[in-house]
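This one's a predicted model, so the numbers in the text were calculated from it and none came from an experiment.
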Amino acid sequence: MSRASVFEVTKSLGEVDGARIKRLLEGGVKIPPQPRVVEELRKYMTRKEFDVRALARVINQDPGVTAMLFKVVGNAAYHQHQPFESVEDILHAVGVRQTFNLVQAIALTGMGDIKKNRLAYEAFWSRSQVVAQLAMLIADERIAVCNIFPDQAYMAGIFHDCGVLLLMQRFPTYCAEMKLDQPGCWTCMVEEDRKFNADHCVVGYLVARHWHLPEFICDAIRYHHAINELDMHASRTMVAILQLAIDIYYRDQRVPHPEWELVQDEVMAELGLDSDALLEFVDIIIERFHGDAH
């Protein structure tokens with residue numbers, strides 16, 4: 001990441017968060033570069049007309065990304081377009097910009113050093129993938145209310161906690177201190193701040209900005225634990241989708257979600273759900289999610 005872009009982002013964060021990010025970067029937190037497939041696709045995305053065959057060729061150059069793309073578009077959110085026979089089919093049916101969003105999210109999942117904390121690393125991405133898939137389904141079900149699309153929700157789901165992974169790599173004791181290797185445990189922001197003087201939301205925001213994600217998704221990543229700090233706009237809606245996806249993830253795992261009681265009223269209001277409708281809605285999402293898995 002260039003000095004200019006780091007300076008620009010840290011300046012936009014305010015004095016406290018900006019200083020914190022500067023210290024983390026100087027201390028060895030590494031912002032992951034975009035893979036070649038994303039950089040090549042971005043060049044095509046700037047053109048007035050899209051060449052679907054050329055885009056498909058770029059994606060097909062990366063077998064891992066291609067395989068994961070087929071898996072992601074197997075989500076029930078895209079049931080009306082299935083089955084897909086080729087990457088060109090996906091680009092035509094899902095949309096070029098939407099497919100690019102999915103590829104960006106998929107590319108991030110190749111990030112990280114898996115030599116250390118391998119089990120925690122695998123658990124991290126397993127959780128992120130499930131939350132992203134659930135977020136896709138929530139967006140699909142509530143699209144008329146929220147105007148957030150499945151590809152955007154998937155992108156936010158994959159990126160929202162990526163700051164945790166960078167802090168895990170930077171601090172040898174982070175994984176153990178945050179109990180990430182214990183089922184149902186996740187980063188406590190108060191403990192994270194106290195022990196490491198760090199904020200995974202701000203680190204994730206920096207990654208999202210560096211990868212040129214849409215601004216409202218960057219803001220959702222930064223404030224995904226603080227929906228009350230967002231005004232009524234798309235980033236607030238995205239946080240509501242993320243928070244409900246995380247809660248459904250915990251429900252499905254039969255593990256308590258301590259944060260839910262603090263945010264549920266704002267989340268339900270944002271998604272246009274009341275208490276009675278919520279239980280039925282959760283059942284629909286879980287059923288659709290497990291339908292994908294079989």
Are F289 and F149 grouped together when hydrophobic residues (ILVMFWY) are joined by side-chain heavy atoms under 4.5 angstrom apart?
-> no
Test item: V164 and M178 side chains (from C-beta on) under 4.5 Å apart, heavy atoms | no
E261, CD atom: more than 12 neighbouring heavy atoms under 6.0 Å = no
Rounded distance (nearest 0.5 Å) linking atom CG of L180 with atom OG1 of T187 = 4.5 Å
Grab the two heavy atoms, one from P33 and one from H210, that are nearest each other, plus how far apart they are.
-> CA-NE2, 4.4 Å
More than 12 non-hydrogen atoms from neighbouring residues, nucleotides or ligands closer than 6.0 Å to CD on E215, yes or no?
-> no
Hey, which of H200, E192, K195 is the one that makes side chain to side chain donor-acceptor pair (under 3.5 Å) with Y174?
-> E192
Do side-chain atoms of S128 reach the backbone of F124 as a donor and acceptor pair under 3.5 angstrom?
-> yes
Between V52 and H92 the two heavy atoms that sit nearest each other are CG1-NE2, 3.7 Å
Heavy-atom nearest pair, A76 first then R288, reads O-NH2, 2.8 Å
Could you give me the CA-CA distance, side-chain angles and deciding distance for I285 and L244, then say whether side-chain contact (heavy atoms from CB on, under 4.5 Å) is met?
-> CA-CA 10 Å; I285 297 299; L244 182 54; over 6 Å; no
Can you tell me how far the CD1 atom of I148 sits from the CZ atom of R142, to the nearest 0.5 Å?
-> 13.0 Å
Compare all side-chain heavy atoms of Y78 with those of D151 and state whether any distance is below 4.5 angstrom.
-> yes
Carboxylate-amine/guanidinium contact E26 K22, below 4.0 Å = yes
Determine the interplanar angle of the F159 and W211 rings, folded into 0 to 90°, and report it as parallel if under 30°, tilted if 30 to 60°, perpendicular if over 60°.
-> perpendicular
Please assess M155 against L213 for the test side-chain contact (heavy atoms from CB on, under 4.5 Å), listing each intermediate value before the final yes or no.
-> CA-CA 9 Å; M155 177 186 276; L213 268 54; 3.5 Å; yes
Neighbour count >12 (heavy atoms, 6.0 Å) for atom CZ, R36 = no
What are the two closest heavy atoms between V73 and Q82, and how far apart are they?
-> O-NE2, 2.9 Å
Does a side-chain heavy-atom distance below 4.5 Å link R170 with K30?
-> no
Under 3.5 Å: donor-acceptor pair, side chain of R222, backbone of Y205 | no
Strictly by modelled atom types, are H233 and D219 linked by a side-chain donor-acceptor pair under 3.5 Å?
-> no
Approximate separation, where rounding is to 0.5 Å, of L166 CG and L206 CG | 9.0 Å
Of all heavy-atom pairs linking M136 and P150, the shortest is CG-O, 3.4 Å
F100 and L55: CA distance, side-chain angles, deciding distance, side-chain contact (heavy atoms from CB on, under 4.5 Å) verdict = CA-CA 9 Å; F100 176 60; L55 290 165; over 6 Å; no
Are the side chains of L102 and I90 in touch, meaning some heavy atoms are under 4.5 Å apart?
-> no
Measure the CG-CZ distance between D51 and R57 for me, rounded to the nearest 0.5 Å.
-> 6.5 Å
Pairwise side-chain contact, I221 with M238, heavy-atom cut-off 4.5 Å (strictly under) = no
Does the side chain of Y44 pick up a donor-acceptor pair with the side chain of E49 at under 3.5 Å?
-> no
Would you kindly confirm whether M45 and L91 end up in one hydrophobic cluster when ILVMFWY residues are joined by side chain heavy atoms under 4.5 Å apart?
-> yes
Evaluate the side chain to side chain donor-acceptor pair (under 3.5 Å) criterion for residues H290 and D252: first the C-alpha distance (whole Å), next the side-chain angles of each, then the deciding distance (0.1 Å), finally the verdict.
-> CA-CA 10 Å; H290 285 296; D252 197 41; 2.9 Å; yes
On the 0 to 90° scale, with breaks at 30° and 60°, tag the Y121-W125 ring pair as parallel, tilted or perpendicular.
-> perpendicular
Would you please test F84 and V94 for side-chain contact (heavy atoms from CB on, under 4.5 Å) and show each step?
-> CA-CA 10 Å; F84 297 99; V94 174; 4.0 Å; yes
Are any of the side-chain heavy atoms of H224 and D161 separated by less than 4.5 Å?
-> yes
Working to the nearest 0.5 Å, report the span between CZ of R53 and CG of N60.
-> 13.5 Å
Beyond-backbone contact of D193 with N197, side-chain heavy atoms, under 4.5 angstrom | yes
Once you round to the nearest 0.5 Å, how far does CD of Q104 lie from CD1 of I158?
-> 12.5 Å
Should I143 and V267 be counted in the same cluster of Ile, Leu, Val, Met, Phe, Trp and Tyr side chains packed under 4.5 Å apart?
-> no
Minimum heavy-atom distance L271-V145, with the two atoms named = O-CG1, 3.8 Å
Could you state whether V255 and L262 fall into the same hydrophobic cluster, counting links through intermediate Ile, Leu, Val, Met, Phe, Trp or Tyr residues with side-chain heavy atoms under 4.5 angstrom apart?
-> yes
Does any non-hydrogen side-chain atom of C162 lie less than 4.5 Å from one of L108?
-> yes
Are R194 and E191 within salt-bridge range, i.e. N to O under 4.0 Å?
-> yes
Any chain of hydrophobic side-chain contacts (each under 4.5 Å) joining I284 to I248?
-> no
